[in-house]
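Working notes, structure below.
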Amino acid sequence: MLLTGAEIVVRCLAEEKVEYVFGYPGGAVLYLYDELFKQDAVRHVLVRHEQAALHAADAYSRSTDRVGVALVTSGPGVTNAITGIATAYMDSIPMVIISGQVPTAAIGQDAFQECDTVGITRPCVKHNFLVKDAKDIASTIKKAFYIAKTGRPGPVLVDIPKDITIAKAEYEYPKSVTMRSYNPIIKGHQGQIKKAVQLLLDAKRPMIYAGGGVILSDCSEQLTKLVRTLGAPCTNTLMGLGGYPATDRQFVGMLGMHGNYEANMAMQYCDVLIAVGARFDDRVIGNPADFARIARKIIHIDIDPSSISKRVKVDVPIVGNLPDVLDDILRLLDASADRPDQEALGEWWKQIEEWRRRDCLKYKQSDEIIKPQFVIEKLWEVTKGDAFVTSDVGQHQMWAAQYYKFDKPRRWLNSGGLGTMGVGIPYGIGVQLAHPGSPVAVVTGEGSVQMNIQELSTCKQYRIPLKICSLNNRYLGMVRQWQEIIHGNRYSESYMDSLPDFPKLAEAYGHVGMRIEKPGDVEGALREAFKRKNDLVFLDFQVDQTENVYPMVMGGKGLTDMILSSEDL
Amino acid sequence: MRHVISVLIENEAGALSRVSGLFSARGYNIESLTVAPTEDVSLSRMTIISTGSDDIIEQITKQLNKLIEVVKVVDLSEAAHVERELMLIKVRATGKDREELKRVADIFRGRIIDVTDSTYVIELTGNTSKLDSFVGAIDASLILETVRTGVCGIGRGDRILRL
């Protein structure tokens with residue numbers, strides 16, 4: 001069947017069962033938009049800035065197991081999208097981005113709205129393609145989806161010149177893909193798996209450290225089984241929250257720079273550590289030399305060989321798809337005559353409980369002024385721990401991670417790797433469209449929220465009833481916190497002056513706004529907001545300006561070198 | 001330590017920049033990089049000379065393997081291999097220097113491939129240190145221009161890198 005390039009693109013998206021395309025039209029993609037207009041299999045969501053299209057598609061993917069799709073025009077459409085692409089890349093989120101390009105003959109001529117999209121996106125995509133012939137569109141899009149979701153997932157960009165969207169070609173969607181240069185490993189090495197099982201059974205102080213890979217590969221069930229079978233403590237990274245139920249006794253909290261005392265201590269002092277889909281990054285283990293100070297055996301399971309022994313030397317590397325590897329480990333554990341050493345475990349837990357009694361997340365409550373931590377605790381209560389929560393980046397992000405106890409995977413969405421301020425609202429859009437009817441909270445601050453505030457308009461158009469909880473402390477809080485601790489209270493450019501009246505701003509966009517000033521009003525406001533199922537409610541919480549995030553491990557310090565409160569400074 | 005890394009990669013537009021971009025983005029050393037299609041024109045073969053600790057070289061190999069278009073990566077320097085580099089060097093050849101330059105070129109088994117009244121172009125093949133020695137053996141003030149291909153390498157005997 002002879003179709004135009006634009007028709008082929010839309011057919012391919014329908015073939016991939018794409019529910020939503022997040023995007024913004026422009027000159028180079030006019031024919032694509034014309035084809036979108038003529039059909040109703042694939043729905044388009046019009047954002048107000050391309051960055052938000054990428055974030056929304058990213059969140060759609062994070063909260064489901066599907067590939068997010070974004071569509072942008074050439075030149076500025078692409079450059080605006082870069083932050084969103086890099087955000088997804090750093091957190092290994094499967095996405096396909098279709099970008100328009102100037103006509104083939106104009107490429108390299110500094111044409112209007114031209115940029116070297118393949119060049120400019122290369123360092124922040126898993127792969128990219130420039131399609132130079134309409135007959136290659138279908139196979140390229142098929143490859144793009146395949147590459148995006150297999151192996152270590154990531155964004156894949158397909159750049160399509162305008163003339164290619166007009167040219168006609170025979171259309172047939174390939175049923176399968178084979179690439180001689182790309183064959184991700186699925187099964188783990190059986191010999192290594194056996195070694196790992198023996199180490200785990202012989203451990204006196206085992207520890208399980210699970211990251212975003214658990215969420216991405218949907219193996220929290222296997223992880224939970226492993227933790228229960230071993231009777232070991234489990235920690236999650238910022239990206240892994242929800243991978244193991246946070247309300248479970250064996251969960252010792254998030255670890256890392258703002259991790260729980262007991263999690264960091266157990267990480268440092270365990271004798272056998274099993275890392276599951278995590279990458280020992282700088283915000284997690286701090287100074288690698290200090291981490292290596294204590295001898296311990298490390299088992300590392302990851303689908304990406306380059307994540308293994310990158311920052312920390314490991315003893316048993318296992319490259320493979322987490323669910324497959326965990327199934328193998330569980331099977332061998334079951335079959336083994338050995339059992340975990342209960343006596344040693346008892347001692348280990350005694351130690352952990354002692355660390356836990358430090359109650360590292362306690363904070364001084366106030367009757368006068370709203371503590372930001374209190375808002376998150378109430379948010380958890382009011383939503384019964386069952387909301388989707390997106391956050392922006394900064395102090396509020398850490399408080400959300402620390403105080404909202406995620407029991408299920410894919411409920412917590414934030415920019416962990418790139419640390420992109422401004423993801424909160426667009427993430428909310430992507431999640432809400434993927435889960436209509438479910439409560440979605442956006443935890444943000446007055447700094448972050450202004451980085452994509454225009455998306456309140458998108459929320460109005462598509463009736464996206466987010467509950468935006470802004471912890472407004474009139475500071476770029478995390479910057480201020482570092483300036484307070486390291487830079488002698490010189491608050492260089494971290495004060496947020498001339499803030500808008502956020503509730504009024506929300507109203508101007510056609511939403512509901514609330515300003516909350518007293519601790520006693522927090523719960524009521526949240527209840528009322530979540531009762532308004534069809535309204536977007538902007539809750540502007542006026543919180544304590546001086547509150548800092550603790551515990552804290554300063555950059556470059558060892559994992560156990562923790563500041564537990566302002567009194568430690 | 002110096003390593004010779006051989007890469008088989010899909011012969012597609014932009015493949016070279018994916019490799020060179022990877023080295024610059026991650027701060028890896030690159031001493032030389034050569035690339036050309038193989039007997040199967042759908043594949044290119046690269047030889048990269050890099051220096052770094054074992055950990056860094058391990059990361060380089062892993063990161064190269066991660067590139068979607070890379071088919072195979074081998075660190076040739078892990079075992080017996082041969083390396084060759086080609087140099088073209090233009091020298092001022094007048095008076096008594098003409099005879100002397102010809103003599104040194106012969107000793108290094110170089111060939112004079114272009115001659116004018118006042119210049120020679122000498123072609124020389126060998127490993128990097130041989131080419132360096134040649135450059136050191138002639139009077140530096142006579143050298144007008146040099147161009148080197150960078151190293152290409154191949155495993156000895158049964159070590160074969162192909163699909």
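Hydrogens, waters and symmetry mates are skipped; everything else that's a heavy atom, side chains included, is used. Note that the structure is a prediction, hence the values are computed from the model and not measured. Every chain is numbered from 1 and lettered A, B, ... according to where its sequence line falls, protein lines coming before strand lines.
Counting non-hydrogen atoms of other residues, nucleotides and ligands closer than 6.0 Å to NZ of A/K142 gives a total above 12. The local environment of NZ in B/K102 is sparse, with at most 12 non-hydrogen atoms from other residues, nucleotides or ligands closer than 6.0 Å. Other residues, nucleotides and ligands contribute over 12 non-hydrogen atoms within 6.0 Å of the CZ atom of B/R159. Atom CZ of B/R92 is surrounded by 12 or fewer heavy atoms from other residues, nucleotides or ligands within 6.0 Å. Around atom CZ of B/R109, no more than 12 heavy atoms belonging to other residues, nucleotides or ligands sit under 6.0 Å away. Other residues, nucleotides and ligands place no more than 12 heavy atoms under 6.0 Å from the CD1 atom of B/I154. Enclosure of atom NZ in B/K66 by more than 12 non-hydrogen atoms of other residues, nucleotides or ligands within 6.0 angstrom is indicated.
Considering only heavy atoms from C-beta on, A/R122 stays 4.5 Å or farther from B/L22 through its side chain. Side chains of B/K62 and A/K310 form no contact here, defined as non-hydrogen atoms less than 4.5 Å apart.
The parts of A/K126 that come within reach of chain B are both its backbone and its side chain, each placing non-hydrogen atoms under 4.5 angstrom from that chain. With a threshold of 4.5 angstrom between heavy atoms, B/S24 does not approach chain A through any atom at all. With a 4.5 Å cut-off on non-hydrogen atoms, A/N128 touches chain B through its backbone and its side chain both.
Heavy-atom pairs under 4.5 Å with chain A were tallied for B/R18, B/E58, B/E10; the largest tally goes to B/R18. Of the listed residues A/S181, A/G119, A/G151, the one with more heavy-atom pairs under 4.5 angstrom with chain B than any other is A/S181.
Of the inter-residue distances, the one linking A/L130 atom CG with B/E12 atom CD reads 11.5 Å to the nearest 0.5 angstrom. One finds the CD atom of B/E69 at 7.5 Å from the CE atom of A/M179 (value rounded to the nearest 0.5 Å). To the nearest 0.5 Å, atom CD1 of residue B/I68 and atom CZ of residue A/F129 are 7.5 Å apart.
A/R180 and B/L163 get closest at one heavy-atom pair: NH1-CD1, 3.2 Å.
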